[in-house]
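Notes follow the structure.
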Amino acid sequence: MYTMMQVCKETNLTYQALKFYCNEGLVPNVKRDKNNRRIFDERDVKWIKDLVCLKKCGMSIQEMKVYLDLCLEGESTIPQRKEMLDQKQKELNQQIAELKDCVAYIDWKQGFYDEVLSGKRPYVSNLIRVEE
């Protein structure tokens, strides 16, 4: 069994975030020790790690609740869960493409600056007007 702090360390969640997830009902079947403190088993920790990943994938709390509800319904909801994950995957792939464009721009700009600094190219700026 794990304490809140142990789960936080294991999942890289803050104490407040884990408490929030628990209070929002995102961690079902939370158990309590004799002092009424939350305790977690291995399955709970694995699920909390899943929640962390879903959050990083851009899933909102409400979407995570829907996903959790579908999970709790069992195998019959796998098609709906796959659809939810497919949509998130498409969104992430779009973000990756946009980020690759950003990296390509930075690569180009760095190359431009290197050429200016080495004297291979004159400096031209779209921001500074040059009188001709």
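Below, all heavy atoms of this structure are taken into account, side chains as well, without hydrogens, waters or symmetry copies.
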Can you name the nearest heavy-atom pair linking Arg38 to Cys22, along with the distance?
NE-CB, 3.5 Å
What is the ring orientation for Phe112 with Tyr123, classed by angle as parallel under 30°, tilted 30 to 60°, or perpendicular over 60°?
tilted
Under 3.5 Å, is there a donor-acceptor pair between the side chain of Thr11 and the main chain of Val7?
yes
Which pair of heavy atoms, one from Arg81 and one from Leu70, lies closest together, and at what distance?
CG-CB, 3.7 Å
Over 12 non-hydrogen atoms of neighbours within 6.0 angstrom of CZ in Arg32:
yes
Assess whether a salt bridge exists between Asp44 and Lys31, defined as any Lys/Arg side-chain N lying under 4.0 Å from an Asp/Glu carboxylate O.
yes
Please step through side chain to side chain contact (heavy atoms under 4.5 Å, CB included) for the pair Phe20 and Thr14, ending with a clear verdict.
CA-CA 10 Å; Phe20 176 78; Thr14 65; over 6 Å; no
For Ile39 and Val30 the tightest heavy-atom approach is O-CG1, 4.4 Å
Could you tell me whether the side chain of Lys19 reaches within less than 4.5 Å of the side chain of Met4, counting heavy atoms only?
yes
Any ion pair linking Asp69 and Lys65 (charged N to carboxylate O, less than 4.0 Å)?
no
Side chain to side chain contact (heavy atoms under 4.5 Å, CB included) partner of Val52, chosen from Lys55, Lys49, Lys56:
Lys56
Under the side chain to side chain contact (heavy atoms under 4.5 Å, CB included) rule, what do Gln16 and Tyr21 come out as? Steps first, then yes or no, please.
CA-CA 9 Å; Gln16 293 79 11; Tyr21 282 2; over 6 Å; no
Is any side-chain heavy atom of Leu68 closer than 4.5 Å to one of Pro28?
yes
Side chain Asn93, main chain Gln89, donor-acceptor under 3.5 Å:
yes
Are any of the side-chain nitrogens in Asp86 or Lys82 under 4.0 Å away from the carboxylate oxygens of its partner?
no
If we only count heavy atoms from C-beta on, is the Phe40 to Val27 side-chain gap below 4.5 Å?
yes
Regarding Glu42 and Tyr2, do their side chains bring together a donor and an acceptor under 3.5 Å, going by distance alone?
yes
Taking Glu115 first and then Lys120, would you say they form a salt bridge - that is, a charged N and a carboxylate O separated by under 4.0 Å?
no
Got a sec: does the CG of Asn23 have more than 12 other heavy atoms crowding it under 6.0 Å?
yes
Looking at Thr3 and Gln6, would you say the former's side chain and the latter's main chain have a donor-acceptor pair under 3.5 Å?
yes
Could you check whether any side-chain heavy atom of Cys71 comes within less than 4.5 Å of a side-chain heavy atom of Thr77, counting everything from C-beta outward?
no
Check step by step if side chain to side chain contact (heavy atoms under 4.5 Å, CB included) holds for Ser118 and Tyr113.
CA-CA 8 Å; Ser118 69; Tyr113 291 147; over 6 Å; no
Audit row: Lys88, Glu63, side chain to side chain contact (heavy atoms under 4.5 Å, CB included) steps and yes/no
CA-CA 11 Å; Lys88 284 297 163 197; Glu63 289 172 315; 3.4 Å; yes
What distance separates Gln87 CD from Met59 CE, expressed to the nearest 0.5 Å?
10.0 Å
Does the side chain of Lys9 reach to within under 4.5 Å of the side chain of Met5, using non-hydrogen atoms?
no
Are Ile48 and Glu10 side-chain neighbours, meaning at least one heavy-atom pair lies under 4.5 Å?
no
Identify all side-chain donor-acceptor contacts of residues 94-105 below 3.5 Å with residues at least two apart in sequence or on another chain.
{"unit_1": "Gln94", "atom_1": "NE2", "unit_2": "Glu98", "atom_2": "OE2", "d": "3.1"}

For a 4.5 angstrom cut-off between non-hydrogen side-chain atoms, does Ile106 reach Lys109?
no
Heavy-atom count around Asn35 CG within 6.0 Å, excluding the residue itself: above 12?
yes
Distance (rounded to the nearest 0.5 Å) between Cys8 SG and Leu18 CG:
4.5 Å
